[in-house]
Enquirer: 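Sharing a structure here in structure tokens format.
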There are 2 protein chains.
Amino acid sequence: MLESWIARLEQFAPLSGEDKLELGRLLSEPRRVHAGEDIVREGEAPTHIHIIVSGIACCYKVLPDGGRQIIALHFPSHACDIHHGILSRVDHAIGALRPTQVAYIPHENMLDLLERSPRIAKALWRSTLNDNAILREWLVNIGRREGYGRVAHILYEVYLRLKAVGQADNHSFEFPLTQTELADALGLTPVHVSRVISRLRAESLIVLRRRAVTIIDPEGLKAVAQFSPGYLQMADQGPEGNKSNTLRG
Amino acid sequence: MLESWIARLEQFAPLSGEDKLELGRLLSEPRRVHAGEDIVREGEAPTHIHIIVSGIACCYKVLPDGGRQIIALHFPSHACDIHHGILSRVDHAIGALRPTQVAYIPHENMLDLLERSPRIAKALWRSTLNDNAILREWLVNIGRREGYGRVAHILYEVYLRLKAVGQADNHSFEFPLTQTELADALGLTPVHVSRVISRLRAESLIVLRRRAVTIIDPEGLKAVAQFSPGYLQMADQGPEGNKSNTLRG
DNA sequence: CGCGGGGTTGACTTTTGTCAAGAGTTGTGG
DNA sequence: CCACAACTCTTGACAAAAGTCAACCCCGCG
């Protein structure tokens, strides 16, 4: 399972055999984290980078009034905090949304490896650029779409991202977020998310049952989401979405 | 004026005299861009990085329905697209909001310099981390604050950022965005922005006249904004806000 | 002096939030 | 295998926030 992270990195830039061996050597055995538990707490000085092996994690901030905003979702084979190596304290937390396994690498080893292998540095750099592009699109999603399109958009994005790591078949995938968590990610309330999902169901765009999503009408869903897949840097067709990414060779 | 960018970079990591000379050599003479004109168009393959010398630029996306979301504001002495060096096409545009002067550096020269000077690489890396932190906070702002707090928050953030580059005195600064542009940055409509600003005025928190802002009641404004300055990585006190940043030495 | 962009305001609509009750689900322990 | 508790989801009634449309004002500028 650890290899899937390395495989994903290779989609961003070619790695040598030695690169892959080194990464494999540095990666710890995965640690189990309970649902709701933090992997990195807000304000602390992180010492490792983390890679999601299984489960789902998220990056979030909590406001003084208790409101929570989820800033990013991290799926298996994602590194969630590459940028932490250089910060003395982080302005956000990383938490597990479900029971999750995370592998990790100490910052000093990672920084050392980055200096020795420009290929790994390039792949990681591009993978963080990809994360940033998603973050920008989330801002657009929350800022300029109303609830109906917002939920449609995140569902289609998650579908493409899970498909890219082999966790979506056809147009079905596991999506084990509660509606409260979805609301925290979308800047809505849980009640409103529930209503919007009812409407997406009523319009025969999706089926959502037991935390599993099936997209019945992909074109319809993309239309209400005003979805343009360019930001994901991966194709929106076929079972191997990542083949034609547009990052420079 | 070009030197102010280099001075800002030095707040992120120390540079050698040679570093500064090299950066100065690479920087072009500034080019003038009209208000409303794009510096980088969406979808194109960028060839240079750009540094704002005077004026204001922004990073934005346009939706199929015509809505625009401003994703970031770029003030003088900011580089606005360091991350472009590696992308074959960008998913967002960069445009001037007012008459603006931009200097630029060809990507190949920049990449070459980054390889030769790890200090410059570190400073630039941290400066992009700073930009990302601001982007995360914008997501929180739009997702979890209502209009009143949202406007208060962006005003206080802009105040701190302008103060850090010497463009704010006491609690006053030039803020030449139209309310329509402010609305595009905040996920609101211009009409609603106008109403919210009226209220901020009525509550004696700010004065806004002729595109100049004076914060009358900083503590009050921060309270309605639920402002916590940590994400900016700069202190929120005194005329030299950047002295005690929390990036690792 | 008139033009045009930006700002303000009012009346009205739509979207979203709030509160509360009830139904369904999940997980646990006996 | 059942009972129970704790969550989660759904729905309704109502309230608040934000959007829409339109008129008008203000002010800089040719």
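Chain letters run A, B, ... following the sequence lines, proteins first and then strands; every chain starts at 1. Note: hydrogens, waters and symmetry copies are ignored here, and every other heavy atom, side chains too, is used.
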Enquirer: Roughly how many Å is it from CZ in B:Arg98 to P in C:dG5, rounded to a whole number?
Expert: 14 Å

Enquirer: Can you find a pair of side-chain heavy atoms, one from A:Gln69 and one from A:Ile142, that are under 4.5 Å apart?
Expert: yes

Enquirer: Provide, to the nearest angstrom, the distance between the CD atom belonging to B:Glu181 and the C1' atom belonging to C:dG5.
Expert: 12 Å

Enquirer: Take B:Pro190 and A:Gly147, find for each the nucleotide of DNA chain C with the closest heavy atom, and name the residue whose nucleotide sits nearer the 5' end.
Expert: B:Pro190

Enquirer: Is NZ or CZ of A:Arg136 both nearer than 6.0 Å to the six-membered ring centre of A:Tyr231 and within 45° of the ring axis?
Expert: no

Enquirer: Return the OG1 to CZ distance between A:Thr178 and A:Arg211, rounded to the nearest 0.5 Å.
Expert: 6.0 Å

Enquirer: Taking the six-membered ring of B:Phe75, is NZ or CZ of B:Arg161 closer than 6.0 Å to its centre and within 45° of its axis?
Expert: no

Enquirer: How many whole angstroms separate atom CG of B:Leu208 from atom P of C:dG6?
Expert: 15 Å

Enquirer: If you check every side-chain atom of A:Thr178, which of D:dC9, C:dG7, C:dT15 has the closest atom?
Expert: D:dC9

Enquirer: B:Ile197 CD1 to C:dT9 C1': how many Å, rounded?
Expert: 15 Å

Enquirer: For B:Gly149, answer base if it contacts any base atom (sugar-phosphate contacts may also be present), sugar-phosphate if it contacts only those atoms, and nothing otherwise; contact means non-hydrogen atoms under 4.0 Å.
Expert: nothing

Enquirer: Distances under 3.5 Å only, N/O to N/O: pair up the protein atoms with those of nucleotides 20-23 of chain D.
Expert:
from: D:dT20; atom 1: O4; to: B:Arg195; atom 2: NH2; distance (Å): 2.7

Enquirer: For a quick check of understanding: with a heavy-atom distance under 4.0 Å over all strands, which category does A:Arg211 fall into, base, sugar-phosphate or nothing?
Expert: sugar-phosphate

Enquirer: Once you apply a heavy-atom cut-off of 4.0 Å, does B:Arg210 come out as touching a base, just sugar-phosphate, or nothing?
Expert: sugar-phosphate

Enquirer: What is the nucleic acid contact for B:Leu188, judged by heavy atoms within less than 4.0 Å: base, sugar-phosphate only, or nothing?
Expert: sugar-phosphate

Enquirer: Let me spell it out: for each of B:Val193 and A:Val193, pick the nucleotide of DNA chain D with the closest heavy atom. Which residue's pick is nearer the 5' end?
Expert: A:Val193

Enquirer: Rounded to whole Å, please give me the gap between CZ in A:Arg150 and P in C:dT16.
Expert: 6 Å

Enquirer: Nearest whole angstrom, please: distance from the P of C:dG17 to the CD of A:Glu146.
Expert: 12 Å

Enquirer: Is the phosphate of D:dC7 approached by A:Gln179 (side-chain N or O, under 4.0 Å from OP1 or OP2)?
Expert: no

Enquirer: Can you tell me which nucleotide in C:dT8, D:dG28, C:dG7 comes closest to the side chain of B:Arg201?
Expert: C:dT8

Enquirer: Can you tell which of B:Ile39, B:Asp184, B:Leu97 makes a side-chain contact (heavy atoms from CB on, under 4.5 Å) with B:Cys58?
Expert: B:Leu97

Enquirer: Under 6.0 Å between the ring centres of B:His92 and B:Tyr60?
Expert: no

Enquirer: What's the closest nucleotide to the side chain of B:Ser198 if the choices are C:dT9, D:dC9, C:dG6?
Expert: C:dT9

Enquirer: How many Å lie between CZ on A:Arg209 and P on D:dC9, as a whole number?
Expert: 15 Å

Enquirer: Given side chains that start at C-beta, do those of B:Leu208 and B:Arg201 come closer than 4.5 Å, heavy atoms only?
Expert: yes

Enquirer: Please round to the nearest 0.5 Å and tell me the distance separating atom CH2 of B:Trp5 and atom CD1 of B:Ile51.
Expert: 4.0 Å

Enquirer: Whole Å only: how far is the CG atom of B:Leu182 from the P atom of C:dG6?
Expert: 14 Å

